[in-house]
Amino acid sequence: MMQWSLRITTYADRLLSGLDHIDWTESLKEAQRNWIGKSTGASIFFPIQSVEAQIEVFTTRPDTLFGVSYVTLAPEHDLVEQICTPEQKEAVMAYLLYAKARSERERMADVKKVTGVFSGAYALHPFTNELLPIWIGDYVLAGYGTGAVMAVPAHDSRDFAFAKQFNLPIKQVIEVPAEHNLELASYDEKHGKLLASDFLNGLDVKAAILACIAELEKQGKGKGKTNFRLRDAIFGRQRYWGEPIPVYYKDDIAYTLDESELPLLLPEIDTYLPTSTGEPPLARAKEWKYKGQYNYEWSTMPGWAGSSWYFLRYMDPQNQQAFASPDALAYWKQIDLYLGGSEHATGHLLYVRFWTKFLFDLGLIPKDEPAKKLINQGMIQGTSEKLRKLDPNKHTCYTFTNEQAFLTINGQVYALSQKPSDVFVSENALNLLGDLAQTLSGSNIDVNYVEKGQLNYEQFVQSHHYQDALFLCEGGYWYKGQFHVFASAGSDAIVCFQEVEKMSKSKYNVVTPDTIVAQYGADTLRLYEMFLGPLEQSKPWSTQGIEGVHRFLKKLWRLFYDANGQLQIKDEPAPKPVLKALHKTIKKVGEDIENFSFNTSVSTFMICVNELTELKANQLQVMKDLLVVLSPYAPHIAEELWQAIGMNESIAQAQFPVFNPEFLVEDSFSYPISVNGKHRTNIEFALDADASFVEQTVLQDEIVQKWLEGKSPKKVVFVKGKIVNVVI
RNA sequence: GCGGAUGUGGCGUAAUUGGUAGCCGUGCCAGACUUAGGAUCUGGUGCCGAAAGGCGUGGGGGUUCGAGUCCCUCCAUCCGCACCA
């Protein structure tokens, strides 16, 4: 099919090098580097003996050129049919059919299976003119490089496996360590001295690569080349919902619309489905034609078209002349912080960089990277409930004829009145199936119908169109709302098994926060999500411990209101311990916000409220500051208490309090005293106490004396404000 | 195979960046108040041990007066990419 695509490959190199200048997570940058897949090497031409054509191969190891013992083409390679000899024709055609039938997925899943066929033709070695058999094998990918490889079995494991399979020669051209047996495995390492390689002999791999490329270029038989794994991005979608591609066709030639004719809007259509002849939905709009006579392009743009630049529009959303004015662009420049999931690493987050670079090159925007900093938040995962399922095509214990179905368990055959639509197996019934149990696939069950690991059969069957499904249990089976007993001792419970995976509609494991909000309020939910752990970490959703966060909010409330619901805040100066508790919190939370460490902030607030409760703090200024610091975390309760203490303007407008280090200054410190690095006691010293005084006092301490056992210490380490360590 | 990350109490996690490991919260134990509690409050809670003390941050080794933190090595788990020539 003809397709629109965007030439992202042109930007491959810049997309790669740009990664070094942005503050994105290393794992995400690495994912993009892998995806772009830059490799440097050479492209080399191998003339074909019998026909007027040559095979171009790409290799990262031109140094091993003298170790080539055959050439392999991908089954889809253009030259395959042209070069194969009459004797081999039949075998080749059969192989091509086989390779075509094997889906891409199979090919990838089945990497170990080596298959191929000899074409009958020979290529000539570019330097030695040696005859090299041309093979066809599906371990060579049509989509990468030139779809052809020069095979060096001695120094490439895949070529080695192929050579062993088809008994092809293996020629060593690099020195290998004594313990390495080239009979058993290839030597793929990129170091060692070249041998049996004419002008490359004695060179190291790195030098040989350069020397070989130089010679190839001199003789016009190849050249140095950089290859990318990245493919151009398909840009057309055969769907309705997407921006129309502003192109029309005249005599089968595509023309773009003039800028003055934009935007091209989606036409109205009767139904959002392809036409009966398989055209995209837009083909349904019969009147939708350029100048009333030429068909528009019927494909629409993919989702990533819009998602690649919408952030620019946010800078100036009302602008009717341009997507954003130069002033707005100069002011906002780029995204300061992008908080997003790592699942977009090789999709959206690559496209948006590509798109940004393109607009930058056109001089339309001031930065060639969309986002300065990017953080991957972890996913809150779901706990799926699953039941194993019998497959009538695979599992012979479940058979059926047109009228009847039979279930064979422990040699006993049970006849079912009708063929069930599905057969699910409860966990406690797995032992009935013996070894078979291990081959059953898991099927997701809606978590809303599972309580404490057990499926609520009545509810589930009602609402899931599984009225005709059979649920095999330990003591019988559920079918059509009835339980049929076959073992009096066994239970009728339908027990699920659990698995933690991403929350998704299709996995029926989505839990909405609504019930939490209803029970505890939105602030509790919000705080609890932050309290669960670091932002970047993925973890299964669990409400274990949500009570603690809720209790914290109640405690906060009680700082403001006494047991009778009377406001107890006084406009009085606060004593030093209260100010210390407050300013510790201001400092820590301020730092946490900069570090996106929200879980530790919640903990800090808890400590603060515990301390203020202990101190019976009720001073207005302290409470005001506390509320402002808390407000981004628990906005609703903060706003409510803010108003309760007489503030009129919203707390969202209030200034973040300024941390005052004076309140944290201590004049003494309880030094941990260790002996040989092991903590033994604590002694309080003034912070300005001098080293010799501290040393004297420590050595006279009873506990230290005991550990000294009368010996004199080798030395005493004193780190001001930190520790004292006595070394014996 | 390549790359990225992670490993700390029963559990979720914390540790001023080389200086008292286990903060905060759950859970558990005990107690108070209650007709009652899935409410509230108080105390305890890393492990072994009666105690003194010993052990303890995935395993092993190293640097250091001192290592969860730095270095070497091995192991396990999760994620991404993968016959990429």
Side-chain angles (χ1 to χ4, degrees), chain A residues 25-39 41-42 57-62 64 72 74 107-108 110-114 137-141 143-152 155-159 161-162 188 227-230 342-343 345-346 376 378-379 500 527-528 531-534 536-540 542-552 554-555 558 563 587-588 591 597 599-610 670-682 706 713-728:
Chain A
T25 57
E26 197 47 46
S27 61
L28 197 136
K29 288 187 187 181
E30 203 53 39
Q32 294 208 343
R33 286 189 193 109
N34 283 342
W35 191 259
I36 295 166
K38 180 176 182 168
S39 46
V57 305
F58 173 74
T59 179
T60 55
R61 296 296 302 277
T64 61
T72 316
R107 263 169 85 164
M108 289 202 285
D110 205 9
V111 201
K112 297 276 175 300
K113 195 166 162 189
V114 179
D138 71 356
Y139 81 97
V140 179
L141 304 176
Y144 183 78
T146 59
V149 301
M150 58 176 228
V152 186
H155 304 292
D156 181 287
S157 54
R158 294 148 307 173
D159 296 340
F162 196 83
D188 295 15
N227 204 42
F228 292 94
R229 201 195 78 102
L230 186 69
S342 56
E343 68 273 18
T346 55
N376 295 130
M379 229 185 295
V500 170
L527 283 176
Y528 181 61
F531 191 55
L532 272 175
E536 317 82 47
Q537 229 164 71
S538 286
K539 51 176 67 72
S542 139
T543 51
Q544 281 270 315
I546 197 163
E547 288 286 347
V549 172
H550 192 232
R551 259 196 287 270
F552 154 72
K554 288 201 262 186
K555 262 188 189 169
R558 261 179 273 129
K587 178 169 190 277
K588 178 76 170 105
E591 289 164 359
S597 176
N599 55 324
T600 53
S601 285
V602 178
S603 154
T604 303
F605 284 124
M606 287 173 170
I607 294 168
C608 179
V609 167
N610 287 346
S670 172
Y671 279 87
I673 313 297
S674 358
V675 179
N676 282 341
K678 278 205 199 320
H679 177 228
R680 295 301 179 187
T681 184
N682 280 56
K706 185 185 133 196
K714 276 195 197 130
K715 74 170 163 179
V716 177
V717 181
F718 171 64
V719 184
K720 198 173 177 222
K722 297 258 183 186
I723 202 166
V724 181
N725 190 14
V726 180
V727 186
I728 305 171

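Just the heavy atoms: all of them, side chains too, but no hydrogens, waters or symmetry mates, feed the values below. Below, read A as the first sequence line, B as the second, and so on, with proteins coming before strands; counting in each chain starts at 1.
Across all their heavy atoms, A:Thr543 and A:Tyr528 have their closest contact at C-OH, 3.6 Å. The two residues A:Val149 and A:Val140 come nearest to each other via the heavy atoms CG2-CG2, 3.8 Å. Nearest heavy atom pair, residue A:Asn610 against residue A:Lys555, reads OD1-NZ, 2.9 Å.
Partner assigned to B:rU16 is none, using Watson-Crick or G-U wobble distances below 3.5 angstrom. In this entry B:rG25 has B:rC11 as its Watson-Crick or G-U wobble partner, both defining distances falling under 3.5 Å. Of the nucleotides present, none pairs with B:rC83 by Watson-Crick or G-U wobble criteria with both distances under 3.5 Å. Applying the Watson-Crick and G-U wobble criteria (two distances, each under 3.5 Å), B:rG53 pairs with B:rC48. A 3.5 Å limit on both hydrogen-bonding distances identifies B:rU40 as the Watson-Crick or G-U partner of B:rA32. The nucleotide B:rU69 finds no pairing partner, because no Watson-Crick or G-U wobble arrangement with both distances shorter than 3.5 Å includes it. Across the strands present, B:rA5 finds its partner in B:rU77; the criterion is a Watson-Crick or G-U wobble pair with both atom distances under 3.5 angstrom.
Rounded to whole Å, atom P of B:rG80 lies 12 Å from atom CH2 of A:Trp35. Going from atom CD1 of A:Ile723 over to atom P of B:rG66 covers 12 Å, rounded to whole Å. Taking atom CD of A:Glu30 as the reference point, atom P of B:rG3 lies 8 Å away to the nearest angstrom. With rounding to whole Å, A:Phe605 atom CZ is found 16 Å from B:rG25 atom C1'. In this structure, A:Lys722 places its NZ atom 18 Å from P of B:rG66, rounding to the nearest Å. As a whole-Å value, the separation of A:Arg229 CZ from B:rC84 C1' is 7 Å. Protein atom CE of A:Met379 is 18 Å distant from nucleotide atom P of B:rA5, rounded to whole Å. At whole-Å resolution of the value, NZ in A:Lys678 and C1' in B:rG66 are 11 Å apart.
Within the nucleic acid shown, A:Phe228 has no heavy atom closer than 4.0 Å to any nucleic acid atom. Across all strands shown, A:Val727 has heavy atoms under 4.0 Å from sugar-phosphate atoms exclusively, and none from any base. Across all strands, A:Asn610 comes closer than 4.0 Å only to sugar-phosphate atoms, never to a base (heavy-atom distances). Heavy atoms of A:Lys29 sit nowhere under 4.0 angstrom from any nucleic acid atom. Among the atoms of the strands shown, none is found under 4.0 Å from any heavy atom of A:Asn676. No engagement by A:Lys720 is indicated, since no non-hydrogen atom pair under 4.0 Å with the nucleic acid exists. Among the atoms of the strands shown, only primed sugar atoms or phosphate atoms (P, OP1, OP2) are found under 4.0 Å from some heavy atom of A:Gln537.
Side-chain atoms of A:Asn34 stay outside donor-acceptor range of the base of B:rC81, with no qualifying N/O pair under 3.5 Å.
A salt bridge links A:Arg33 to A:Glu30: at least one charged side-chain nitrogen sits closer than 4.0 Å to a carboxylate oxygen.
Panel note: side chain A:Asp156, backbone A:Ala151; no donor-acceptor pair is recorded below 3.5 Å. Side chain of A:Asn227 to main chain of A:Ser39: no donor-acceptor pair is present (N/O by atom type, distance under 3.5 Å, no hydrogens or angles). A:Asp188 contributes a side-chain N or O that, together with a main-chain N or O of A:Ser157, makes up a donor-acceptor pair within less than 3.5 Å.
Taking the six-membered ring where the residue is Trp, A:Phe718 and A:Tyr671 present tilted rings, their angle falling between 30° and 60°.
Between the C1' atoms of B:rG9 and B:rG56, the separation comes to 10 Å (whole Å). Separation of the P atoms belonging to B:rG60 and B:rA67 is 15 Å when rounded to the nearest angstrom.
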Below 3.5 Å is the cut-off: list the nitrogen or oxygen pairs between protein and nucleotides 36-43 of chain B, distance only.
{"from": "B:rU40", "atom 1": "OP1", "to": "A:Lys554", "atom 2": "NZ", "distance (Å)": "3.4"}
{"from": "B:rC41", "atom 1": "OP1", "to": "A:Arg558", "atom 2": "NH1", "distance (Å)": "3.4"}

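Nearest to the side chain of A:His679, among B:rC65, B:rC83, B:rU20, sits B:rU20.
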